[in-house]
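These notes concern the structure reproduced below.
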Amino acid sequence: QVQLVESGGGLVQAGGSLRLACAASGRTFSNDGMGWFRQAPGNEREFVAAISPSGSSTYYADSAKGRFTISRDNAKNTLYLQMDSLIPEDTAVYYCAAPVQEIPRTGTYEYDYWGQGTQVTVSS
């Protein structure tokens, strides 16, 4: 059974940082691209960032560029999202997703596996 489990969310003040992690089990994703998405109340789930299998290529939504960093540790089968300079508009449930054969893949329909999500709340 394939599982993606996110962690690291929480409540943070504007300007602060959080580091999300997504631990995969049931299969390895070392040969697949992976991504992060988020969904705020009343909004559709939107793409945040994606990373190639080796980690050498990354792609970000405009809202994440310069503030978020996606990375991965294939030995641990874990995906990360470092979020800095957080703003209230970043408040959402954050989801990791896999797999894709190449990046960027920004559509939710392009990913087969999803985590349960982790809540990020940024206060002003």
Side-chain angles (χ1 to χ4, degrees):
Q1 180 182 359
V2 177
Q3 280 192 313
L4 299 176
V5 180
E6 300 96 337
S7 61
L11 174 64
V12 64
Q13 288 189 331
S17 299
L18 284 173
R19 189 191 194 206
L20 307 184
C22 170
S25 61
R27 62 164 278 187
T28 178
F29 291 102
S30 59
N31 294 319
D32 303 296
M34 299 182 72
W36 285 99
F37 288 74
R38 67 185 183 185
Q39 188 168 17
N43 291 356
E44 293 186 353
R45 194 169 297 187
E46 65 177 11
F47 171 80
V48 175
I51 189 167
S52 63
S54 68
S56 60
S57 296
T58 57
Y59 183 80
Y60 297 92
D62 288 343
S63 59
K65 285 179 183 176
R67 300 188 301 123
F68 294 3
T69 304
I70 187 172
S71 62
R72 64 191 299 165
D73 185 337
N74 286 338
K76 296 182 179 180
N77 216 19
T78 301
L79 178 71
Y80 301 98
L81 185 68
Q82 176 68 40
M83 304 188 295
D84 299 318
S85 302
L86 285 161
I87 59 178
E89 289 76 15
D90 294 320
T91 295
V93 178
Y94 284 71
Y95 300 88
C96 65
V100 286
Q101 296 304 307
E102 58 184 8
I103 65 167
R105 289 291 182 263
T106 62
T108 57
Y109 63 92
E110 298 177 284
Y111 295 77
D112 293 328
Y113 300 110
W114 293 83
Q116 84 290 346
T118 185
Q119 176 70 48
V120 171
T121 303
V122 184
S123 64
S124 57

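Just so we're clear, the structure is a prediction, and the values are computed from it rather than from any experiment.
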Quick one: [atom1] on [X] to [atom2] on [Y], what's the gap to the nearest 0.5 Å?
| X | Y | atom1 | atom2 | value |
| --- | --- | --- | --- | --- |
| Glu89 | Ser124 | CD | OG | 9.0 Å |
| Leu81 | Tyr94 | CG | OH | 7.5 Å |
| Ile87 | Arg67 | CD1 | CZ | 4.5 Å |
| Thr58 | Lys65 | OG1 | NZ | 10.5 Å |
| Leu11 | Gln119 | CG | CD | 9.5 Å |
| Gln82 | Ile70 | CD | CD1 | 12.5 Å |

Between Leu79 and Leu4, does a side-chain contact (heavy atoms from CB on, under 4.5 Å) hold up when you go through it step by step? CA-CA 10 Å; Leu79 178 71; Leu4 299 176; over 6 Å; no
Suppose we screen for ring-ring contact (aromatic ring centres under 6.0 Å, His included). Which residues come up paired with Phe37, at least two apart in sequence or across chains?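 Checked Phe37 against ring-ring contact (aromatic ring centres under 6.0 Å, His included); matches are Phe47, Tyr111, Trp114.
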Assigning hydrophobic clusters by single linkage (Ile, Leu, Val, Met, Phe, Trp, Tyr; side-chain heavy-atom cutoff under 4.5 Å), is [X] placed with [Y]?
| X | Y | value |
| --- | --- | --- |
| Met83 | Val93 | no |
| Val100 | Val48 | no |
| Tyr59 | Trp36 | no |

Would you list the pairs meeting side chain to side chain donor-acceptor pair (under 3.5 Å) in which at least one residue belongs to residues 15-27, sequence neighbours left out?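 Every pair satisfying side chain to side chain donor-acceptor pair (under 3.5 Å) with a residue in residues 15-27: Ser17-Asp84, Arg27-Asp32.
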Heavy atoms only: give me the nearest Ile103-Ser57 pair and the separation to one decimal.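 Scanning both residues, the minimum pair turns out to be CD1-O, 3.4 Å.
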Looking at every non-hydrogen atom in both residues, tell me the closest pair between Arg38 and Asp90 and how far apart they are.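 For Arg38 and Asp90, the tightest heavy-atom pair comes out as NH1-OD1, 2.9 Å.
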Other hydrophobic cluster members with Tyr109, side-chain heavy atoms of Ile/Leu/Val/Met/Phe/Trp/Tyr under 4.5 Å, chained?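 Listed partners: none, Tyr109 stands alone.
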Donor-acceptor pair, [X] side chain versus [Y] backbone, under 3.5 Å?
| X | Y | result |
| --- | --- | --- |
| Glu6 | Gly117 | yes |
| Asn77 | Phe29 | yes |
| Arg72 | Gly33 | no |

Among residues at least two apart in sequence or on other chains, which ones pass side-chain hydrogen bond (donor to acceptor under 3.5 Å, both in side chains) with [X]?
| X | value |
| --- | --- |
| Ser54 | Ser56 |
| Gln39 | Arg45 |
| Gln3 | none |

Side-chain touch Leu86/Phe68, heavy atoms, less than 4.5 angstrom: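 Result yes, sub-4.5 Å side-chain heavy-atom pair found.
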Ser7 vs Thr118 side-chain heavy atoms within contact, under 4.5 Å: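 Side chain of Ser7 against side chain of Thr118, heavy atoms only: no contact under 4.5 Å found.
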For Asn43, does the CG atom have more than 12 heavy-atom neighbours from other residues, nucleotides or ligands under 6.0 Å away?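 Above 12, so yes.
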